[in-house]
Amino acid sequence: MNFAPTQEQRQIRDAVAEFVDEEVVPRAAEIDETDEFPADLVDQLGDLGIMGAPFPAEYGGAGLDYHAYATALEEVARGSGGLGTIVAAHVSLAGNMLYEFGDEAQKEAYLTPLAEGSDVGAFALSEPGAGSDVPAMETRARHDAEAGEYVLDGGKLWISNGSVADTVVVFAKTDPEAGHDGISSFVVRPGQDEGFHVEGTEDKLGDKGCPTAELRFEDLRIPEDRRLGAEGEGFVQALKTLNGGRITIAARGVGIAQAALDEARDYATEREQFDRPIGDFQAIQHKLADMDTKVAAARLLMHRAADRKIRGESYVKEAAQAKLYASEVSREVANEGIQIHGGYGYVKDFPAERFYRDAKLNEIYEGTSEVLRNTIGERVLEGQ
């Protein structure tokens, strides 16, 4: 395995890093304070090709491999955790569902505008009683064969981009008696489908700028050609999609951790106590050493999972390990960043506390740390 970036990967990283430093970092505190969806930044990321990074050019994408895409997302999250979630939910979840499981007509109609950045995507799986326990979902999709339609009724919760999306991939039970074999997925277009309602958005600890919405479907009728794949395939589709998505949540974790490390390092060189920079003290140097080592290890785990995905090898355990470790590292590094800042780390005049709030979400969404440990442990016992 050679994870040294290619010239193209370095160019992508440098271009996104420059954009983040010039456009995102100066806006990050404002985004965090107002919690408003940064539509202009999303549009600019579309112009850079990031909103369709891993998809082929024929569908409006940039055709990047997962090393380049993960690196780009890491840079976005370094500037704003919320913007990182916007991109990850749009690309890795909604976009990837269409790319992997849509037919050619569906890709042309729905994937292309997502990849080009003209539309925003969302992935509606979770419900109040169905988070990790997906088959417990209560949303139903009744097939009206005579009308050639499905009728959706139910609701979803914790949906990133849910209130601003042009295309929402919705999971619903088409056979309530079949357990996980009775779940199917559908493309819903909020702007044109009657019966789609946004009940509100959550006031969250962090991840500001990315609206996390509660959605309701009431007698929402969609044509049969909006179903992705065959009936009953939705559960497997969701698992495969979330597995790939964990690589990019690892990238979000690495990006936030890198931001916290950078800020702590800069502060340690500027802040003086006892007539010398605090970075001269061994206690601070040891903290920075541990922080830097953890970020490097998390980044390598992320690229190892990306490498196996690119090679077409199984990467369930590797993606889970990358997401688990990067999630916990992002929180740990952000916590140490606050400690290095002392009292200043606890106030909003400095970004250290924002990094901590943004980092915590990594341990919860797209597979909690507890669920990921189950996934990893099962495969370790199987000898994988």
The reported gap from CD in Glu270 to CZ in Arg265 (rounded to nearest 0.5 angstrom) is 10.5 Å

Could you pull out the closest heavy-atom pair between Phe186 and Ala172, with the gap in Å? CE1-CB, 4.3 Å

For Phe3, is the CZ atom crowded, meaning more than 12 foreign heavy atoms sit under 6.0 Å from it? yes

Heavy atoms from other residues, nucleotides or ligands near NZ of Lys240 exceed 12 (cutoff 6.0 Å): no

Within a strict 4.5 Å, meaning less than it, do heavy atoms of the Thr139 and Lys156 side chains meet? yes

Side chains of Arg27 and Ser80 in contact at under 4.5 Å (non-hydrogen atoms): no

Matching residue for Lys208 among Asp358, Asp35, Thr85 - test: side chain to side chain contact (heavy atoms under 4.5 Å, CB included): Asp35

As a test of understanding, state which of Phe101, Phe235, Phe123 forms a ring pair (Phe, Tyr, Trp, His ring centres under 6.0 Å) with Phe171. Phe123

Relative to the ring of His341, is the ring of Tyr267 parallel (under 30°), tilted (30 to 60°) or perpendicular (over 60°)? parallel

Separation between CZ (Phe37) and CG (Asp40), nearest 0.5 Å, reads 9.5 Å

May I ask you to check whether Glu104 and Tyr59 show a side-chain donor-acceptor distance below 3.5 Å? yes

Pair Arg226, Tyr110: side-chain N/O donor-acceptor within cut-off below 3.5 Å: yes

Check whether any side-chain heavy atom of Glu332 sits under 4.5 Å from a side-chain heavy atom of Asp290, and report yes or no. no

Distance in Å, Glu328 CD paired with Lys294 NZ, rounded so as to fall on 0.5 Å steps: 10.0 Å

Tell me whether Val25 shares a hydrophobic cluster with Ile50, the cluster being built from Ile, Leu, Val, Met, Phe, Trp, Tyr side chains joined at under 4.5 Å. yes

Look at the side-chain heavy atoms of Ile, Leu, Val, Met, Phe, Trp and Tyr, link any pair under 4.5 Å apart, and say whether Phe19 and Tyr69 land in one connected group. yes

For Ala213 and Ser163, the nearest pair of non-hydrogen atoms, with its separation, is CB-N, 3.6 Å

Can you check whether Ile183 reaches Lys173 side chain to side chain, under 4.5 Å on heavy atoms? yes

If you apply the rule side-chain contact (heavy atoms from CB on, under 4.5 Å), what do you find for Leu93 with Glu366, and how did you get there? CA-CA 10 Å; Leu93 300 184; Glu366 293 195 36; 3.5 Å; yes

Assess whether side-chain contact (heavy atoms from CB on, under 4.5 Å) is satisfied between Ile247 and Tyr315, documenting all intermediate values. CA-CA 10 Å; Ile247 297 174; Tyr315 63 98; 3.9 Å; yes

Counting only heavy atoms not in Glu382, do more than 12 sit closer than 6.0 Å to its CD atom? yes

Hey, what's the ring geometry for Tyr99 with Phe55, parallel, tilted or perpendicular (30° and 60° as the breaks)? tilted

Kindly compute the distance separating CD (Glu218) from CG (Asp153), expressed to the nearest 0.5 Å. 7.5 Å

Would you call the rings of Phe274 and Phe281 parallel, tilted or perpendicular, taking 30° and 60° as the class edges? perpendicular

Val188 vs Leu220 side-chain heavy atoms within contact, under 4.5 Å: yes

Around Glu100, counting heavy atoms of other residues, nucleotides and ligands shown, do more than 12 lie under 6.0 Å from its CD? yes

Could you tell me whether the side chains of Arg189 and Thr167 share a donor-acceptor contact shorter than 3.5 Å? yes

Between Arg78 and Glu74, does any side-chain N to carboxylate O distance fall below 4.0 Å? no

Quick check on Gln192: does its CD atom have over 12 non-hydrogen neighbours (other residues, nucleotides or ligands) under 6.0 Å away? yes

Separation between CZ (Arg252) and CG (Leu73), nearest 0.5 Å, reads 9.0 Å

Looking at Glu127 and Ala136, would you say the former's side chain and the latter's main chain have a donor-acceptor pair under 3.5 Å? no

Going through the distances and angles, do Asn335 and Gln339 end up as a side chain to side chain donor-acceptor pair (under 3.5 Å)? CA-CA 6 Å; Asn335 181 64; Gln339 196 70 17; 5.7 Å; no

Shared hydrophobic cluster, Ile12 / Ile310 (ILVMFWY, side-chain heavy atoms < 4.5 Å): yes

One thing to verify: whether Asp307 and Arg311 come together as a salt bridge, which I'm taking to mean a side-chain N less than 4.0 angstrom from a carboxylate O. yes

Output yes when a side-chain donor or acceptor of Lys309 lies under 3.5 Å from a complementary backbone atom of Ala319, and no otherwise. no

Under the side-chain contact (heavy atoms from CB on, under 4.5 Å) rule, what do Phe196 and Leu215 come out as? Steps first, then yes or no, please. CA-CA 7 Å; Phe196 180 95; Leu215 308 179; 3.8 Å; yes

Taken to the nearest 0.5 Å, the spacing of Lys317 NZ from Arg379 CZ works out to 9.5 Å

Output, in order, the C-alpha distance, side-chain angles, deciding distance and verdict of salt bridge (charged side-chain N to carboxylate O under 4.0 Å, His left out) for Lys348 and Glu33. CA-CA 10 Å; Lys348 292 183 180 293; Glu33 182 178 357; over 6 Å; no

Tell me whether Arg10 contacts the main-chain N or O of Pro5 through its side chain, where contact means a donor paired with an acceptor under 3.5 Å. yes

Please name the residue in the list Asp193, Leu152, Val151 that meets the side chain to side chain contact (heavy atoms under 4.5 Å, CB included) test with Arg221. Val151

With a cut-off of 6.0 Å (strictly less than), are more than 12 heavy atoms of other residues, nucleotides or ligands near CD of Glu313? yes

Could you tell me whether a side-chain N or O of Glu108 sits under 3.5 Å from a main-chain N or O of Ala105, the two making a donor and an acceptor? no

Does any part of the side chain of Val87, heavy atoms only, come nearer than 4.5 Å to the side chain of Met51, both counted from C-beta? yes

Candidate pair Ile86 and Leu45, rule side-chain contact (heavy atoms from CB on, under 4.5 Å), full reasoning: CA-CA 11 Å; Ile86 290 169; Leu45 285 171; over 6 Å; no

Glu199 atom CD: more than 12 heavy-atom contacts under 6.0 Å: yes

Do other residues, nucleotides or ligands put more than 12 heavy atoms under 6.0 Å from the CD atom of Glu138? no

Tell me, do Val169 and Gln237 make a side-chain contact under 4.5 Å, heavy atoms counted? no

Going by heavy atoms in the side chains, are Trp158 and Tyr365 under 4.5 Å from each other? no

Can Glu370 and Arg373 be counted as an ion pair, charged N to O under 4.0 angstrom? no

Do Val295 and Tyr325 share a hydrophobic cluster (ILVMFWY, side-chain heavy atoms under 4.5 Å, transitive)? yes

Do the side-chain N and O atoms of Ser92 and Thr248 include a donor-acceptor pair separated by under 3.5 angstrom? yes

Test of understanding: clusters of I, L, V, M, F, W, Y form through side-chain heavy atoms closer than 4.5 Å, transitively. Do Val20 and Val91 belong to the same one? yes

Quick check against the 3.5 Å criterion: does Thr174 have a side-chain atom that pairs as donor or acceptor with the backbone of Ala141? no

Please assess Glu363 against Arg331 for the test salt bridge (charged side-chain N to carboxylate O under 4.0 Å, His left out), listing each intermediate value before the final yes or no. CA-CA 9 Å; Glu363 298 178 284; Arg331 173 181 48 78; 2.7 Å; yes

